[in-house]
Peer 1: 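Shown below is the structure under consideration.
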Amino acid sequence: MKATPVSDTQRLAVIDGVRGFALAGVLLANLRSYTLFEHLPDSARATLPTAGLDRLLEPAITFFVEGKFITLFSLLFGVGFVLQMVRINQAGEGPARYLRRLTLLFLIGLAHAYFFWWGDILRYYAVIGALLLVVAALRTRTLAWIGAAMALVAIPIAQLTFGDPSTSVPPMSAMSVQALATFEGPSWSAVVRENSTLNTWSLFWYWGLVFLVAGRLMLGAALGRSGWLQNVGAHARQWQWMLWTGLVLGLSLTMLVHGFDYGRLPLLQALPQYPLGQACLRLTRDLATLSLSLGYLAGFVLLFQQAAWRRWLQTLVPVGRMALTNYLAQTLLGVGIFYGIGLGVGPRWGLVGVVATWLLVFAAQIVFSGWWLARYRFGPAEWAWRSLTYGVRQPMRR
């Protein structure tokens, strides 16, 4: 018996729904990069016609969105790993098909990162997803504890032990001058070269991303193994606990970190001068992000159980079922609208343009995903990915 692609009747709508919800936040966060706003110096941002509103939107996006939704997306990748391994084991197969699936995802991620947008996350999921096979036999609680340690304390310990590799490369502000000029230009080959430069630079500046992704994937795998998502009603108390603990702890720590970042807590400004202070700030920042992400997850899951809310939240289910297609489409639209190789709109409308584009693009993805899946079994990228994984052209039309 061979494993086959999951059918609609086998899917858990709440998982697809929360994945669609995560993609909404990922798009909003990534649009700051697609629009090239993140590369603008402060002096240029102050001259934008939207500067007044941007000063309100920037802390709001940082507070509620940045890091939270990509964390949620990563947790769901771990959940998906468990569900896939259950099906593979039931079919009596080994991990070869799963590794082939990840290899294809790695190649997709590389192409995405170098030819379109340097901030791709898929390649990290592919590499670290393979490492999940090593810990797959661990008990659920052990997996959760190791995941939490990887996501929260591995980076501070590495900082204290080996130092911070990001000090060996210039900060983003120094890289942004060349990046902005290149991405606003008309040459795709220049974009590819700049993507290559930023990909190399990011290995040092975002060196802790490997720990973060590994920890979050393990936590997601533990959640998938726990059965909480498969039977929400039986675990209502756990979801309530996750909701309130995640929101209260996440919001409190985020306010603390937010106050430090914006200079509103002068007593903490001396902390980065000391290695232990840097480690404490990193731990606080990552704990705030993870806690708030878990609060978002629990809130969505609990609301999805209520008929009145489910009616609206179900519109996100098709988006989540076409997660790969929609993630890649977000880059194509972002680069196509704002980069010089596309329409060349650039960052001229600031964060107001970011939010307006987010509303239009994600609304279009909701409509398109629902229309597409009413006619076809898979999204376009999912169809190609699965056909190559199984070595058989998958039936597309319903």
Peer 1: With distance as the sole test, does Trp372 use its side chain to make a donor-acceptor pair with the main-chain N or O of Phe378 at under 3.5 Å?
Peer 2: yes

Peer 1: Centre-to-centre under 6.0 Å for Phe106 and Tyr125, is that the case here?
Peer 2: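 Aromatic pair excluded; centres sit 6.0 Å or further apart.
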
Peer 1: Taking atom CG of Leu287 and atom CG of Leu249, what is their separation to the nearest 0.5 Å?
Peer 2: 5.0 Å

Peer 1: What is the minimum heavy-atom distance between Ala148 and Leu219, and which atoms define it?
Peer 2: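 Smallest interatomic distance, heavy atoms only, reads N-CD2, 3.8 Å.
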
Peer 1: State plainly whether one hydrophobic cluster holds both Val392 and Leu99, where clusters connect Ile, Leu, Val, Met, Phe, Trp and Tyr through side-chain heavy atoms under 4.5 angstrom apart.
Peer 2: no

Peer 1: Decide whether a cation-pi geometry holds between Arg101 and Trp385; the criteria are a distance under 6.0 Å from NZ or CZ to the six-membered ring centre and an angle within 45° of the ring axis.
Peer 2: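 Ring-cation test returns yes.
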
Peer 1: Does Arg45 make a cation-pi contact with Phe37, if we ask for NZ or CZ under 6.0 Å from the ring centre and within 45° of the axis?
Peer 2: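 Yes, a cation-pi geometry.
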
Peer 1: List the steps, then state whether side-chain contact (heavy atoms from CB on, under 4.5 Å) holds for Thr140 with Leu143.
Peer 2: CA-CA 5 Å; Thr140 301; Leu143 189 60; 5.7 Å; no

Peer 1: Determine, using the 4.5 Å side-chain heavy-atom cutoff (strictly less than), whether Tyr296 and Trp244 are members of one ILVMFWY cluster.
Peer 2: yes

Peer 1: Do we see a donor-acceptor contact under 3.5 Å between the side chains of Ser387 and Gln394?
Peer 2: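 Short answer, no.
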
Peer 1: Looking at side-chain heavy atoms only, is the closest gap between Arg397 and Tyr376 below 4.5 Å?
Peer 2: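 SC-SC contact between Arg397 and Tyr376 confirmed.
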
Peer 1: Verify the neighbour count for atom CZ of Phe204: are there more than 12 heavy atoms of other residues, nucleotides or ligands below 6.0 Å?
Peer 2: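 Counting other residues, nucleotides and ligands, CZ of Phe204 stays at 12 neighbours or fewer.
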
Peer 1: Under a plain distance cut-off of 3.5 Å, with no hydrogens placed, do His258 and Thr62 share a side-chain donor-acceptor pair?
Peer 2: no

Peer 1: Begin with the C-alpha distance, continue with both residues' side-chain angles, and end with the deciding distance and a verdict on side-chain contact (heavy atoms from CB on, under 4.5 Å) for Gln178 and Glu194.
Peer 2: CA-CA 8 Å; Gln178 179 62 38; Glu194 186 63 23; 3.5 Å; yes

Peer 1: Do Arg123 and Asn199 meet the criterion of a side-chain donor-acceptor pair at a distance under 3.5 Å?
Peer 2: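 A pair is found: one side chain offers a donor N or O, the other an acceptor, under 3.5 Å apart.
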
Peer 1: Would you say Gln230 and Leu83 make side-chain contact, with heavy atoms under 4.5 Å?
Peer 2: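 Touching, per the 4.5 Å side-chain cut-off.
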
Peer 1: Under the 3.5 angstrom rule, does the side chain of Arg398 hit a backbone N or O of Leu373 as a donor-acceptor pair?
Peer 2: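 Indeed, once roles are kept as given, a pair shorter than 3.5 Å links the two residues.
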
Peer 1: What class does the angle between the rings of Phe183 and Tyr339 fall in, given that below 30° is parallel, 30 to 60° is tilted and above 60° is perpendicular?
Peer 2: parallel

Peer 1: Which residues satisfy the side-chain contact (heavy atoms from CB on, under 4.5 Å) test with Phe211, sequence neighbours excluded?
Peer 2: Met150, Ala154, Ile155, Trp207

Peer 1: Determine whether Leu53 and Ile61 fall in the same hydrophobic cluster, where Ile, Leu, Val, Met, Phe, Trp and Tyr are linked whenever their side-chain heavy atoms lie under 4.5 Å apart.
Peer 2: yes

Peer 1: Applying side-chain contact (heavy atoms from CB on, under 4.5 Å), run through Leu290 and Asp286 and close with a yes or a no.
Peer 2: CA-CA 6 Å; Leu290 179 61; Asp286 291 340; over 6 Å; no

Peer 1: Whether the Ser196 and Tyr114 side chains hold a donor-acceptor pair (N or O, under 3.5 Å, no angle test) is what I'd like checked.
Peer 2: no

Peer 1: Does the side chain of Tyr124 reach to within under 4.5 Å of the side chain of Ile121, using non-hydrogen atoms?
Peer 2: yes

Peer 1: Sequence neighbours excluded, which residues qualify as side-chain contact (heavy atoms from CB on, under 4.5 Å) partners of Trp188?
Peer 2: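 Scan of Trp188 (side-chain contact (heavy atoms from CB on, under 4.5 Å), adjacent residues dropped) gives Phe115, Phe116, Val191, Val192, Ile341.
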
Peer 1: Test Arg19 against Leu72 for side-chain contact (heavy atoms from CB on, under 4.5 Å), laying out the working first.
Peer 2: CA-CA 8 Å; Arg19 188 179 289 113; Leu72 185 53; over 6 Å; no

Peer 1: Within the supplied structure, the quantity of interest is the number of heavy atoms (other residues, nucleotides, ligands) at a distance under 6.0 Å from Trp145 CH2; does it exceed 12?
Peer 2: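 Check fails, neighbour count at 12 or below.
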
Peer 1: Between Thr357 and Leu333, is there a side-chain heavy-atom distance shorter than 4.5 Å?
Peer 2: no

Peer 1: Measure the shortest side-chain to side-chain distance between Phe77 and Arg216 over non-hydrogen atoms and say whether it is less than 4.5 angstrom.
Peer 2: no

Peer 1: Using the rule side-chain hydrogen bond (donor to acceptor under 3.5 Å, both in side chains), only one of Thr325, Asn326, Thr315 pairs with Ser369; which is it?
Peer 2: Asn326

Peer 1: Taking the side chain as C-beta and beyond, is there a heavy-atom pair between Ser33 and Trp118 under 4.5 Å?
Peer 2: yes

Peer 1: Considering all heavy atoms of both residues, which atom of Thr47 and which atom of Ser43 are nearest to each other, and what is their separation?
Peer 2: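 Shortest heavy-atom contact: CG2-O, 3.4 Å.
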
Peer 1: Mark yes when over 12 heavy atoms from residues, nucleotides or ligands other than Arg100 sit less than 6.0 Å from its CZ; otherwise mark no.
Peer 2: yes

Peer 1: I'd like to check Asn30 versus Tyr327 (side-chain heavy atoms, cut-off strictly below 4.5 Å). Are they in contact?
Peer 2: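 Contact flag for Asn30/Tyr327 side chains = yes.
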
Peer 1: So for atom CZ, which belongs to Arg311, do other residues, nucleotides or ligands contribute more than 12 heavy atoms lying within a distance under 6.0 Å?
Peer 2: no

Peer 1: Atom CH2 of residue position Trp309 - does it have more than 12 heavy atoms of other residues, nucleotides or ligands inside 6.0 Å?
Peer 2: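 At most 12 heavy atoms, drawn from other residues, nucleotides or ligands, come within 6.0 Å of this atom.
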
Peer 1: With side chains defined as the heavy atoms from C-beta onward, is the minimum distance between Glu382 and Arg377 less than 4.5 Å?
Peer 2: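 No, their side chains stay 4.5 Å or more apart.
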
Peer 1: Show the atom names and distances, to 0.1 Å, of all donor-acceptor pairs under 3.5 Å that link a side chain in residues 166-176 to residues at least two apart or in another chain.
Peer 2:
unit_1	atom_1	unit_2	atom_2	d
Ser166	OG	Asp164	OD1	2.7
Ser166	OG	Asp164	OD2	3.1
Thr167	OG1	Asp164	O	2.8
Ser168	OG	Pro165	O	2.6
Ser176	OG	His39	ND1	3.2
Ser176	OG	Met172	O	2.8

Peer 1: Going hydrophobic residue to hydrophobic residue with side-chain gaps under 4.5 angstrom, can you get from Phe338 over to Val177?
Peer 2: no

Peer 1: Can you name the nearest heavy-atom pair linking Ala46 to Ala51, along with the distance?
Peer 2: O-CB, 3.7 Å

Peer 1: Closest heavy-atom contact between Gly350 and Asp54?
Peer 2: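 Heavy-atom minimum between the residues: CA-OD2, 3.4 Å.
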
